[in-house]
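Read the numbers this way: they start at 1 and go in the same order the structure lists the ligands and their atoms.
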Amino acid sequence: MKKKVLQLAGLPAPLMSALQEAYEVVEYSTLSDRDFSGMAGEFEVVLTNGEGVVTREQIAALPALKLIAVFGVGYDGVDVQAARDHQVKVSHTPDVLTEDVADLALGLMLATSRQIPAAQTFIEKGKWSQGSFPWTRKVSGAALGIVGLGRIGQAVAQRAQAFDMSIAYCNRSPLQDVAYRYQPDVVALAKECDFLLVCAPGTASNRHLINRDVLDALGCDGILINVGRGSVVDEQALIAALDAGTLGGAGLDVFSDEPRVPAALQNRPNVVLTPHMASATWATRQAMSQLVLDNVAAFFNGSPLVSPVPESR
Ligand code: NDP
């Protein structure tokens, strides 16, 4: 008989098909309270995505739960402390998506500073015949500040070196094995750079790490790029800085209240928006799906998880 696994958030169709071949996948949203309490004791595995929320209450309501398998590298929606308290492991999908997210970060830097979407609109609205597109800001040779020099931050830094950018970073503690300059203070980092790239996780303690002071320090020529999590940036402060012209621009893949994106961020030539798609290429989504399958299979085989989160190691 197939093992029952509980699906708490949306997963790609090919991953769902593969899961359904091996397991009986029960979708939480389709269950009545009565159905759920009737089978809650049967689920050893919960599946969710990088934006999904798994609360302490949900973990406590699943007495057999042993694994929360996340489709995504960010797992800030999972109450990892509650998982630990209940001896539940958490797996995620690091590394396989690093290159795609770094590629998109670079794309946002280029598209925002060179105003590529606005330039296309300029052509489409027939404005070229009335004059040339306004001059934009140079990327090559600029100073890049990275908030969160982890897997993705380092992949962006590697790419930025090909653009002759100078690179500094802010982590909570310096890395021993990198040559980039460490700047422990985010405001100071923002003051020193032209582009401030956020790829730190959306933990509770990182909420609004990028606040008004940081944006003011980045300044009217500075560009903010966020591929981390929307919660890390104070979105209202960002809108205020763009309105006041005290910030040069922003390239954003993540937002505070997805999929809602404030109208105040839209239709600005100096703001480029993408719908949380940094890891959404065919190849990478397949690799992420495989990693979810491998983690769930490892759990049921009694093998070590392939990619547990640090708190579950
Ligand atoms: P890593 O864990 O490898 O890197 C995270 C880095 O952030 C670490 O170097 C950590 O260093 C640093 N960090 C954490 N808190 C702070 C802080 N307060 N100030 C400065 N640095 C901090 O993760 P990845 O690089 O693999 O992924 C990073 C994030 O990117 C994910 O958590 C996820 O939210 C986001 N992401 C977004 C995607 C998208 O589609 N837009 C796709 C994939 C990931 P230290 O611990 O020393 O502070």
Side-chain angles (χ1 to χ4, degrees), residues 10 12 48-53 70-78 80 90-109 145-159 167-178 180-190 193 196-211 213-214 224-234 250-256 258-259 261 272-281 283-285 287-288 291-292 307-313:
T48 186
N49 63 34
E51 293 85 58
V53 171
V70 181
F71 176 81
V73 70
Y75 54 98
D76 40 278
V78 177
V80 276
V90 181
S91 67
H92 65 156
T93 62
D95 299 315
V96 291
L97 45 64
T98 298
E99 291 186 343
D100 273 359
V101 182
D103 290 350
L104 193 89
L106 244 295
L108 284 173
M109 278 168 55
I146 300 179
V147 182
L149 192 77
R151 289 171 289 248
I152 294 167
Q154 292 186 46
V156 177
Q158 190 191 22
R159 286 155 175 71
I167 298 159
Y169 73 100
C170 169
N171 278 9
R172 287 164 303 178
S173 38
L175 295 171
Q176 302 307 322
D177 50 353
V178 300
Y180 313 122
R181 191 168 56 83
Y182 181 58
Q183 169 51 267
D185 182 59
V186 190
V187 173
L189 183 71
C193 69
L196 189 71
L197 167 74
V198 180
C199 37
T203 51
S205 55
N206 284 350
R207 188 178 150 76
H208 293 185
L209 180 66
I210 308 303
N211 56 20
D213 291 347
V214 178
L224 177 76
I225 304 294
N226 188 8
V227 296
R229 280 288 180 267
S231 62
V232 181
V233 173
D234 180 344
L252 309 168
D253 186 50
V254 287
F255 305 89
S256 295
E258 296 171 8
V261 176
V272 177
L273 309 170
T274 51
H276 200 151
M277 53 172 258
S279 68
T281 64
T284 289
R285 287 288 157 104
M288 290 167 67
L291 206 39
V292 171
S307 50
V309 304
E311 294 88 340
S312 287
R313 277 175 211 151

>> Using heavy atoms and a 4.0 Å limit, tell me yes or no: is Ser173 in contact with ligand 1?
In response: yes

> N/O to N/O below 3.5 Å, does that happen between Arg151 and ligand 1?
Replying inline: yes

>> Any donor-acceptor pair under 3.5 Å linking the side-chain atoms of Thr274 with those of Asp253?
In response: yes

>> Tell me the protein heavy atom at minimum distance from atom 35 (C) of ligand 1, and give that distance in Å.
In response: Gly228 O, 3.5 Å

>> Could you identify the single nearest non-hydrogen protein atom to atom 42 (C) of ligand 1 and state the distance to 0.1 Å?
In response: Val101 CG2, 3.5 Å

>> Which residue and atom name correspond to the protein heavy atom nearest atom 46 (O) of ligand 1, and how close is it?
In response: Arg172 NH2, 2.7 Å

>> I'd like to check which ligand 1 atoms, numbered from 1 as shown, lie under 4.0 Å from a non-hydrogen atom of Ala278.
In response: 39 (C), 40 (O), 41 (N)

>> Are any of the N/O atoms on Met277, whether in the backbone or the side chain, positioned under 3.5 angstrom from an N/O atom of ligand 1?
In response: no

>> I need the minimum non-hydrogen distance between Glu311 and Val80, along with the two atoms involved.
In response: OE2-CG2, 4.1 Å

> Gln154 and side-chain contact (heavy atoms from CB on, under 4.5 Å): which partner among Ile146, Val178, Thr98?
Replying inline: Val178

>> Heavy-atom distances under 4.0 Å decide this one: backbone, side chain, both or neither, for Val254 against ligand 1?
In response: side chain

> Which residue from Leu209, Asn226, Asp95 reaches closest to atom 19 (N) of ligand 1 through any of its heavy atoms?
Replying inline: Leu209

>> Taking 4.0 Å as the limit for heavy-atom contacts, which would you say applies to Asn206 with ligand 1: side chain only, backbone only, both, or neither?
In response: side chain

> Taking atom 14 (C) of ligand 1 as the point of reference, which of Pro201, Ala102, Gly74 owns the nearest heavy atom?
Replying inline: Pro201

> Which residue supplies the protein heavy atom nearest to atom 22 (C) of ligand 1, what is that atom called, and how far is it?
Replying inline: Ala200 CB, 4.0 Å

>> Starting from atom 41 (N) of ligand 1, what is the nearest protein heavy atom, named by residue and atom, and what distance separates them?
In response: Asp253 OD2, 2.9 Å

> Can you find an N or O of Asp76 that's nearer than 3.5 Å to an N or O of ligand 1?
Replying inline: no

> Is a side-chain N or O of Asn206 found less than 3.5 angstrom from the main chain of Val232, in a donor-acceptor match?
Replying inline: no

> Is Ile152 in polar range of ligand 1, meaning some N or O pair under 3.5 Å apart?
Replying inline: yes

> Taking only heavy atoms of Val227, which atoms of ligand 1 are found under 4.0 Å from at least one of them?
Replying inline: 35 (C), 36 (N), 37 (C), 38 (C), 39 (C), 41 (N)

> Any N/O of Cys170 closer than 3.5 Å to an N/O of ligand 1?
Replying inline: yes

> Nearest to atom 29 (C) of ligand 1, what protein heavy atom do you find, and at what distance?
Replying inline: Cys199 O, 3.7 Å

